[in-house]
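The analysis underlying the following values was restricted to heavy atoms, covering all of them including side chains, and did not include hydrogens, waters or symmetry mates. Counting starts at 1 for both ligands and their atoms, following the listed order.
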Amino acid sequence: MPQQQSLFDTEPAPWEVDDAAEQLVATVVLSGVPAGEFDYVAPPGMVEGERSERRLEPGRRVRVPLGRGNRSVIGYCVALTHKSSGGRKLKPISGVLDRQPLLSPAMLRLTRWMADYYLCPWGQVLEAVVPAGVREQAGTRDVTLLSVPPEVALRINELKLPAKQLEALKILAASPKPLAAKQLAARAGCTMAPINELRKKGLLAESVERISGRSDDAAATYAREAPHELNPDQVAALAAIQESLQSAQHRTILIHGVTGSGKTEVYIQAIQQVVRFGRQAILLVPEISLTPQTVARFRARFDRVAVLHSHMSDVERHEHWRHISRGEVEVVVGARSAIFAPTSHLGLIVLDEEHETTFKQETAPRYHARDVALRRASDQNVPLVLASATPSLESWHRAKQGEYRLVEMPRRVLNLPMPAVRTIDLRNEIHGKQSRGAISRPLHRAMDAALRDGGQVILLLNRRGHSTHIQCPACGYAARCPACDLALTFHRHDSSAVCHYCDYHAAAPTSCPECKFHGIQFSGLGTQKLEAEVRARFPDHPCLRMDTDSMRGRGSHEKALATFREGGTRILLGTQMIAKGLDFPNVTLVGVVNADTALHFPDFRAAERTFQLVTQVAGRTGRGARGGQVLVQTFSPDAPAIVAAVRHDLAAFARQELPHREALGYPPFSSMVRIVIRGASDKASHALAEELARRLQECANGASPAVRVLGPSTAPMAKLRGDYRYQIQLHSVDGGLLRNVVRMATADLKAPEGINWIVDVDPLDMM
Ligand code: ADP
Ligand code: ZN
């Protein structure tokens, strides 16, 4: 409901009110505060003239007066309607900013839904969806174009002008198109002076036009690649997508296919079909998968691919935006935010690795690209394809309920076998005392054998740094981050103690700061320590570490992978960075150094994450003719997540896990909202958390179906970057009702200076 603009106005004088009058009203959403929708009169001159550059229409930004002082602010026109003034005296729009709409009607609907669903102001969503480079028209500039007005052209021969000026004027009059002053000077072979004289005399007409910057589209040519002949599983998967395409009805298709089952080939062929019908497709992949290898694969199959990644300049982003909106791009490939690509004829949306948590944005608007994609696809009546070897339990559950169509691809292409996966019980290894360090004897033997056979090895350890604990054995002192109160990790190369959450750095202590004991212990295993152990055990085989510390430089990730692919490195070790979508035929052994790192997190998805991580990294081997095996070191070989991962059995894992979720009222059986209250003052943060929980409880009272309010409690990360943190969780089977409770309870909640709260709908981050 549009708010009354009169909230900000003084009451109109009685003679200004004309109840009956219909007028054209523009609804405007401000890009800043206050949130809400405001009505303004659209002056007739702004709406008329089909081709006017500054025409007012929904999707363009406008300048409007706000409040008593008529402060000039910027907003988005979201609707134009004829309505009666209803006794209100509306202020007029001051001006239109954009030369073309930044948002189509479909994107206006989508952003409005996001604002509603994610409990955040519409204006904030709009600002997030339209890239800054597009709003500012980065890379374009205004050029003044000159022409000769008709009345001057008619009497051009009667004019008494110096020769140079007359010459320039005649050239301009003869030109079929207006010219920039510089162009005219060049054509007339004169300086700018005669042209400026003509302008001063009023003999030239001027108009302003926006000129685009240079596109750096090097238009590299890629070798064409023919489609593969599909195997029966692929044929069935493609048929499911085609069915939806042909019926022109939205359908969500979940492809659950093991790594190497040919999922990518299937959706490439589906996209080819969409493109043949003159439509466009959006393909979302996790940022980390946007490697030159993947991009090359798409460029080899499509003529016009736009790749949107996070290292793009404003100018590049703007260029892509314009090409996409003009329909000049067949396929948009990008991370999360590519879901907002302004395709003019959308035909299909694909999310690869749909379980990836990076599809969720962790700053406002805290949207999940998968859910936004679902909304966009159903609104625009196109199919949505979700693909993964380890679908999220949310998607899996919906597929099992019949909401999505489930397509299984349980076999690898070309009948390559799935790798054999075996667990190594670290409890026995420890008791045996024969093995020292992180690599157990069975893992060492398997590495040795794989390397001797000419194969390559991948080792996963999901903790960076050298030692994860810095502790004094005499008094028990443990080094903690002053801002986050979390254990600091020892980094060997510069002997520093580092907080992995806020990047706090300090020199690692050599003696205990508390009891002065000489002999601080560095314990707990990180990738740097593992690297040292691997080098000591296998001195003859080059080894490469891949984590955020070793891969800081731009392109270092690609370089490292290329070295590994070419065989220059035989052992690749690293964090989950190496578990993602890499395809190396020569890898014959994958070792998971500690499968339990994620298992005991205070997060209801801990088991699911563990299942996904182990299954994904296991998929990195056995992709070539040599086969492959996976060894998983764990202290909990009987944990359902690990047992199921060993068998590549998502269905079994889901059968175990889903009843727990249901019993505890967690997603996918309920909707969930997490509120985090944080601030530099512990007391004030806690007080606000208490107050908010009380209001939520009050609003939730008697709600049917029930809305559960849990908390406030201290967040698992009780302190972060100097802020104390409290959380409140809300659950309900009715998401709409849940959101209403939060809306009501926070409507007039005032946070004291320095304290704030964030609302996270469908949270993934539980820390
Ligand atoms: P996924 O996306 O499931 O991991 P891909 O589509 O990437 O699987 O396929 C794995 C490999 O098999 C790729 O190198 C691909 O080119 C190849 N491939 C896919 N489908 C076929 C097919 N029908 N016949 C032969 N090779 C195929
Ligand atoms: Zn910190």
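The aromatic rings of His311 and His309 sit tilted relative to each other, their planes meeting at an angle between 30° and 60°. The aromatic rings of Trp396 and His256 sit perpendicular to each other, their planes meeting at more than 60°, with 30° as the lower class boundary. Under the 30°/60° scheme for interplanar angles, the aromatic rings of Phe604 and Tyr666 are found to lie parallel. Between Phe298 and Tyr267, the ring planes are parallel. Angles under 30° get that label, and only those over 60° would be called perpendicular. Aromatic ring pairs are classed by plane angle as parallel below 30°, tilted from 30° to 60° and perpendicular above 60°; the pair Phe359 and His368 is tilted.
Looking at atom 14 (O) of ligand 1, its nearest protein heavy atom turns out to be Asp583 OD2, 4.3 Å. Residue, atom and distance of the protein heavy atom nearest to atom 9 (O) of ligand 1 are Gly262 CA, 3.7 Å. The protein non-hydrogen atom at the shortest distance from atom 17 (C) of ligand 1 is His228 NE2, 3.8 Å. The single protein non-hydrogen atom nearest to atom 11 (C) of ligand 1 is Val413 CG2, 4.2 Å, given as residue, atom name and distance. Protein heavy atom in closest approach to atom 20 (N) of ligand 1: Gln234 NE2, 2.9 Å. Among protein heavy atoms, atom 2 (O) of ligand 1 sits closest to Thr264 OG1, 2.5 Å.
Within the listing of ligand 1, atoms 25 (C) sit less than 4.0 angstrom from a heavy atom of Leu414. Using a 4.0 Å cut-off to heavy atoms of Glu229, the atoms of ligand 1 that qualify are 22 (C), 23 (N), 24 (N). Atom numbering of ligand 1 starts at 1 in the shown order; those under 4.0 Å from a heavy atom of Val258 are 3 (O).
For Gln401, the CD atom counts as densely surrounded, since its 6.0 Å shell holds more than 12 non-hydrogen atoms of other residues, nucleotides or ligands.
Using modelled atom types, one finds a donor on one side chain and an acceptor on the other under 3.5 Å when comparing Glu265 with Gln269.
The aromatic ring centres of Phe669 and His397 sit less than 6.0 Å apart.
Proximity of Arg297 to ligand 1 is established by a heavy-atom distance of less than 4.0 Å.
Counting heavy atoms only, Gly260 comes closest to atom 10 (C) of ligand 1 of the residues Ala387, Gly260, Pro585, Gly257.
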